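I have placed the structure first, in the form of structure tokens, so that the comments after it can refer back to it.
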Protein chains: 4
Amino acid sequence: MRAYLQPAIFGATGYSGYELARLLTRHPAAKKPLLLRRNDESGGCNDLSEAYPQLAGNGGFPLETFSWERMKSAGVDVMFFATPHEFSRELVPEAVSQGFRVIDLSGAWRLKHSANREVYGFAAANDACDEAAVYGMPELHADEIWDATLVANPGCYPTSVILALAPWMRAGLVDLDHGIICDSKSGVSGAGKQPTPKTHFVEVDGDFSAYSVFGHRHTGEMLEQLGVDSGSLQFTPHLLPIPRGILSTIYVKLAQPASAAELEQVLREFYAGKPWVRLFGAARLPQIKFSLHTNYCDIGFSLSPDGKRAVLVSCLDNLLKGAAGQAVQNMNLMFGCNEKEGLQ
Amino acid sequence: MRAYLQPAIFGATGYSGYELARLLTRHPAAKKPLLLRRNDESGGCNDLSEAYPQLAGNGGFPLETFSWERMKSAGVDVMFFATPHEFSRELVPEAVSQGFRVIDLSGAWRLKHSANREVYGFAAANDACDEAAVYGMPELHADEIWDATLVANPGCYPTSVILALAPWMRAGLVDLDHGIICDSKSGVSGAGKQPTPKTHFVEVDGDFSAYSVFGHRHTGEMLEQLGVDSGSLQFTPHLLPIPRGILSTIYVKLAQPASAAELEQVLREFYAGKPWVRLFGAARLPQIKFSLHTNYCDIGFSLSPDGKRAVLVSCLDNLLKGAAGQAVQNMNLMFGCNEKEGLQ
Amino acid sequence: MRAYLQPAIFGATGYSGYELARLLTRHPAAKKPLLLRRNDESGGCNDLSEAYPQLAGNGGFPLETFSWERMKSAGVDVMFFATPHEFSRELVPEAVSQGFRVIDLSGAWRLKHSANREVYGFAAANDACDEAAVYGMPELHADEIWDATLVANPGCYPTSVILALAPWMRAGLVDLDHGIICDSKSGVSGAGKQPTPKTHFVEVDGDFSAYSVFGHRHTGEMLEQLGVDSGSLQFTPHLLPIPRGILSTIYVKLAQPASAAELEQVLREFYAGKPWVRLFGAARLPQIKFSLHTNYCDIGFSLSPDGKRAVLVSCLDNLLKGAAGQAVQNMNLMFGCNEKEGLQ
Amino acid sequence: MRAYLQPAIFGATGYSGYELARLLTRHPAAKKPLLLRRNDESGGCNDLSEAYPQLAGNGGFPLETFSWERMKSAGVDVMFFATPHEFSRELVPEAVSQGFRVIDLSGAWRLKHSANREVYGFAAANDACDEAAVYGMPELHADEIWDATLVANPGCYPTSVILALAPWMRAGLVDLDHGIICDSKSGVSGAGKQPTPKTHFVEVDGDFSAYSVFGHRHTGEMLEQLGVDSGSLQFTPHLLPIPRGILSTIYVKLAQPASAAELEQVLREFYAGKPWVRLFGAARLPQIKFSLHTNYCDIGFSLSPDGKRAVLVSCLDNLLKGAAGQAVQNMNLMFGCNEKEGLQ
């Protein structure tokens with residue numbers, strides 16, 4: 001009989017961390033997660049339900065001060081980092097060397113090429129961890145995730161873009177020379193819980209804007225995972241006046257004219273047996289609302305009348321399939337659970 | 001022939017200050033306002049259009065460092081303070097003693113009774129200014145405003161409550177022993193431009209909450225202006241997930257049963273010739289949207305079938321009739337302009 | 001060993017009906033519900049996932065044409081009506097006479113006094129059903145619900161008002177002669193799925209309004225359940241620019257001055273062992289967001305400094321505790337399940 | 001001395017028509033517009049302020065039954081059609097033959113090529129009017145507008161796309177063989193005032209979706225005005241959960257690498273002396289909010305580090321520069337007024 005997993009979470013007070021705490025608390029194969037306070041955290045709360053009163057009535061969610069002793073005495077099996085990448089970059093290597101398996105939701109370990117990592121400005125190199133880290137996208141890397149020590153949970157934007165493009169690109173259907181355009185739109189929780197002028201209600205409500213054009217740091221993940229260079233894929237993020245959700249509109253020229261049925265077939269085969277991707281085919285496109293509060297990435301497309309160009313549309317909940325949900329999906333793979341467990 | 005007024009504004013980068021700058025810039029009797037930077041202001045901008053790019057294309061809006069010399073050389077006629085009350089409390093007395101006429105949008109000078117002022121915790125008393133200050137609600141105090149040196153511009157909530165209640169109360173129609181209940185709802189700009197957890201888009205959107213029950217500092221204004229004590233009027237503010245606008249639902253027991261026609265008549269007589277109050281009578285109630293981006297306070301009511309109880313509903317734009325618009329209305333009265341000038 | 005329940009739902013395409021279908025589908029003690037199409041329904045869909053693509057990936061949700069034969073051959077144990085009250089008024093009596101247990105989410109059977117029922121304008125009297133119907137508020141009527149044949153599921157506004165007021169009123173703490181004021185605010189899904197000018201996004205967004213003052217048909221439920229007459233309780237609903245959730249601000253004069261601790265104690269005792277009411281006491285008030293997507297009714301209050309008046313604040317999700325969630329809670333009681341089953 | 005213009009408006013109860021009525025009412029060179037009721041209009045109002053109570057306090061806005069006699073006796077100079085294109089297609093030719101100058105806000109007369117007009121499915125051909133109609137984009141066609149009899153006011157999406165692209169395309173800077181991608185996002189008022197499932201608040205709020213991919217009928221305008229074929233320009237509209245505003249993100253490959261300064265210079269020269277286009281250059285991109293409630297089209301861009309690709313961003317208020325504002329701008333040109341008159 002399977003033993004229960006003991007997870008621990010750094011950063012549960014943030015939006016992704018809260019979702020993670022919520023998911024793990026009701027995960028049938030996991031004990032209640034340990035919630036760890038960073039030493040440098042100020043103004044924090046003693047119980048997660050102070051910051052999120054919606055948790056009331058479900059027992060206590062105490063935040064504890066972190067120490068390696070505590071991790072060991074509690075028998076922690078897996079440590080989740082829902083923290084700034086600088087923090088992950090510092091503490092994760094020690095966690096690994098102490099023998100813990102780690103799922104990191106930050107951008108600290110996602111990029112394989114040091115040139116791509118430059119946008120993050122990491123203080124120090126860490127070749128061992130950079131190399132060991134597995135990009136935690138179960139639909140693409142399940143065979144590496146199951147026994148990984150360090151899983152780099154993908155970014156929210158890259159999840160929506162890579163899952164949409166991977167099937168056709170691997171099948172050679174996309175004209176890479178022409179270049180791919182990814183026009184993505186995200187809700188405000190993607191900007192984090194810290195109040196800033198950019199997340200002020202009065203500024204955001206009724207507005208819409210593009211940002212970081214030609215310079216968003218999630219671009220590197222897309223290039224590496226899809227195996228193209230920066231001349232072949234262009235990514236533009238926008239800020240939607242909604243709390244959560246991402247929709248990516250992706251423009252491709254096909255290597256040669258195709259029918260909608262052929263294109264849909266390639267998607268269906270690629271995602272056969274993958275429970276967390278839903279295909280909308282060519283008949284109806286996904287909308288952000290369909291995927292909210294779920295771990296699904298929804299994918300659909302439209303084909304030009306001449307069959308030469310296609311527009312892929314993919315949607316997901318940036319806090320779930322784009323963060324905490326995918327992290328739990330990775331945990332499931334790492335510990336032999338069913339991929340859907342705790343996510344329905 | 002009338003000379004053009006020269007206004008100056010402290011605090012133009014805030015939401016009310018910006019509206020004030022916008023209104024004064026196109027006011028037919030005023031020169032472009034001087035925009036003054038507080039010495040303690042950090043991280044500020046050099047031109048207001050940096051903070052509010054919607055101003056682009058309308059010439060420069062430079063922010064200047066404040067000095068009394070500059071005030072005088074520029075021939076400033078009236079100084080507007082759209083600043084925290086602590087700042088007003090400090091600088092306004094000097095402005096007055098230097099001979100400037102002042103319209104202060106903060107809560108610094110609104111309260112006549114020192115007991116009511118306690119909620120603001122002012123560091124020092126200032127009897128002269130407290131006494132000289134005129135409560136700048138033109139519909140009630142036009143006869144004092146025209147030659148006032150210091151006008152205390154009313155709070156947004158009090159404007160919506162006092163304008164709704166004053167006619168019936170002055171006519172003795174309200175049962176004061178029974179007590180009045182003011183249930184008010186405001187958009188987020190009322191909380192100011194400073195980003196805080198309470199103004200974060202993700203927290204506010206889709207939510208609604210009551211706050212400062214039995215303890216909001218605008219209550220004192222209502223009590224003083226309506227001439228009742230705290231046992232007779234109860235005020236509860238709520239936060240609406242919209243950028244601007246206030247709706248107050250006000251519950252009164254009538255001193256004796258009345259007809260809707262009588263009640264409407266009292267309102268119509270009271271507001272005859274007052275251009276910035278619109279009466280909706282008993283047929284249709286005002287909604288926030290009707291008054292947005294205008295200087296109107298809209299007032300309507302419903303009467304119980306037995307004629308014993310009434311519900312008043314009043315709406316206004318908290319940044320206009322609740323702040324900058326009413327300030328310009330006061331300026332108009334102080335300098336002999338038509339009350340509507342620059343506000344249409 | 002317990003057999004699985006077979007529920008059937010009329011009206012699953014509406015907002016409450018959809019939530020009901022969703023809840024029952026994953027209810028551990030229930031089989032997948034039969035979804036019934038009304039004969040008069042036009043333009044409908046064949047599968048609920050056509051109207052709610054968020055259901056995709058969870059099997060089929062076919063809509064069937066209704067017949068009593070089908071009800072019997074399928075072994076239906078309980079019929080849910082999430083339909084207009086006229087429809088319920090017509091079909092429910094036959095369902096009862098055919099031996100089915102019924103939970104009706106409409107207003108058809110909630111009111112005991114024929115005078116209160118007049119607002120609904122029912123075509124015909126039905127004394128037997130009017131008498132037999134049990135008001136399905138488990139926190140007040142569990143002892144009647146368990147063996148009821150016909151449960152009238154409470155209205156969304158009444159649930160938020162009655163649950164907040166019942167404990168203090170039953171304890172004689174409220175001055176009824178003074179009168180109670182219930183100022184309630186609801187999200188737009190309360191207005192139903194039918195597109196109207198009042199639910200058009202452009203009309204609602206950024207707006208806020210009162211409606212049906214002194215005339216909302218939910219008032220009768222509050223009066224009957226709390227045992228007061230219309231002179232003692234006044235109800236004003238408002239439309240919030242959010243999709244779902246209700247907050248009621250309730251003003252009471254206490255029969256005699258009390259302390260917050262005493263008042264809180266009465267609430268705690270009343271709701272001891274009631275899993276779907278959460279008390280926020282006097283320290284922090286509930287907000288709409290805390291109860292969204294849950295079956296909780298959250299209740300808190302503030303007391304005036306002199307201990308004479310109190311403001312109760314209650315929040316709930318109008319589609320769950322205010323409709324479908326409470327219906328499932330009633331089903332749990334009727335069929336011997338734990339009250340929390342299928343609602344977490 | 002200039003005589004005052006007498007405008008008349010068909011369709012003032014719609015969103016664009018209302019804005020038009022509002023603008024013309026305060027236009028310094030125009031008399032109050034006649035508001036015309038279509039004969040087939042049912043359930044209408046007698047005064048525009050019934051549908052738009054925000055107009056209250058500004059005199060009456062009576063809706064009149066249309067007749068040619070009334071047009072002539074009132075001395076109408078210009079007829080605005082803010083009506084469905086079928087209606088315009090039917091009545092405009094008669095208006096022209098009766099000697100009236102017409103500005104039509106519908107899609108009835110915008111397209112020169114009959115193949116492009118097919119998407120509208122017009123019942124009958126009308127070569128004379130199709131030929132005579134001038135595309136009313138003042139920044140491109142001022143020389144034809146001034147003496148036009150029939151002005152086809154541009155669509156909202158095409159205005160945002162054409163104004164952004166025209167300068168670089170006319171200067172030969174864009175690689176047309178590569179193809180241009182226009183990813184546009186619009187607020188809900190673009191879908192009109194008629195309530196539908198697609199404009200229901202509960203459906204739209206918190207959601208975001210693409211629609212009419214490869215098939216939106218505004219595409220033809222873009223192709224004709226920019227002089228390209230459908231293989232060279234791809235347009236994808238999306239629905240934003242905001243009431244008004246459009247942002248277009250436009251992807252171009254440059255014919256040869258350029259510097260930001262060169263590109264900005266071309267824009268500046270093209271729009272020199274054009275008051276209703278604001279250039280944001282390469283430093284800061286426009287956001288929807290900056291242009292709301294104004295007649296500006298705001299344009300900015302970002303250039304890829306290698307200077308080979310650019311992303312143009314343009315914003316406007318779909319009801320003003322995208323409809324009623326541009327219509328007034330056209331009227332100004334047609335009757336010798338300053339282009340800015342009545343629009344500030």
Side-chain angles (χ1 to χ4, degrees), chain A residues 13-19 22 41-45 48 50-56 82 156 185-211 238-246 288-289 292-293 317-320 322-324, chain B residues 13-19 22 41-45 48 50-56 82 156 185-211 238-246 288-289 292-293 317-320 322-324:
Chain A
T13 55
Y15 289 134
S16 296
Y18 161 69
E19 292 289 338
R22 201 177 56 77
E41 232 171 317
S42 66
C45 48
L48 192 58
E50 295 166 26
Y52 296 90
Q54 44 270 61
L55 287 173
C156 49
K185 303 86 174 175
S186 172
V188 182
S189 59
K193 207 186 172 190
Q194 189 65 28
T196 70
K198 283 179 198 295
T199 62
H200 193 297
F201 182 86
V202 177
E203 303 303 314
V204 174
D205 187 68
D207 198 14
F208 181 71
S209 55
Y211 65 98
H238 299 74
L239 187 67
L240 279 169
I242 61 174
R244 55 203 285 169
I246 286 178
I288 277 187
K289 189 161 274 189
L292 290 185
H293 303 288
D317 185 321
N318 58 304
L319 298 179
L320 292 174
Chain B
T13 54
Y15 290 134
S16 296
Y18 161 70
E19 292 289 336
R22 201 178 54 79
E41 232 171 318
S42 65
C45 49
L48 193 57
E50 296 166 27
Y52 297 91
Q54 44 268 63
L55 288 172
C156 50
K185 300 87 175 173
S186 172
V188 181
S189 60
K193 206 185 172 189
Q194 188 66 28
T196 70
K198 284 180 199 296
T199 62
H200 194 297
F201 182 85
V202 177
E203 303 302 316
V204 173
D205 186 68
D207 198 14
F208 181 71
S209 56
Y211 65 98
H238 300 75
L239 187 67
L240 279 169
I242 62 175
R244 56 203 284 170
I246 285 179
I288 277 187
K289 189 162 274 189
L292 289 185
H293 303 287
D317 185 321
N318 58 303
L319 298 178
L320 293 174

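Remember, predicted model here, so these are calculated numbers, not experimental data. Heavy-atom basis, side chains included; hydrogens, waters and symmetry copies ignored. To find a chain, count down the sequence lines: A is the first, B the second, and so on, and within it residues start at 1.
Between the side chain of A/H200 and the main chain of B/S189, no donor-acceptor pair closer than 3.5 Å is present.
At a 4.5 Å heavy-atom cutoff, the contact between B/K193 and chain A is made by backbone and side-chain atoms alike.
Listed by chain and number, the residues in a salt bridge (Lys or Arg N to Asp or Glu O under 4.0 Å) with B/K289 amount to none (sequence neighbours excluded). With sequence neighbours excluded, the residues forming a side-chain contact (heavy atoms from CB on, under 4.5 Å) with A/A191 are A/T199, listed by chain and number. With sequence neighbours excluded, the residues that form a side-chain contact (heavy atoms from CB on, under 4.5 Å) with B/I246 are B/C156, B/Y157, B/S160, B/S186, B/S248, B/L316, B/N318.
Contact residues of residues 201-211 of chain A toward chain B are A/F201, A/V202, A/E203, A/V204, A/D205 (heavy-atom distance under 4.5 Å).
Heavy-atom minimum distance, B/P195 versus A/P197: CG-N, 3.5 Å.
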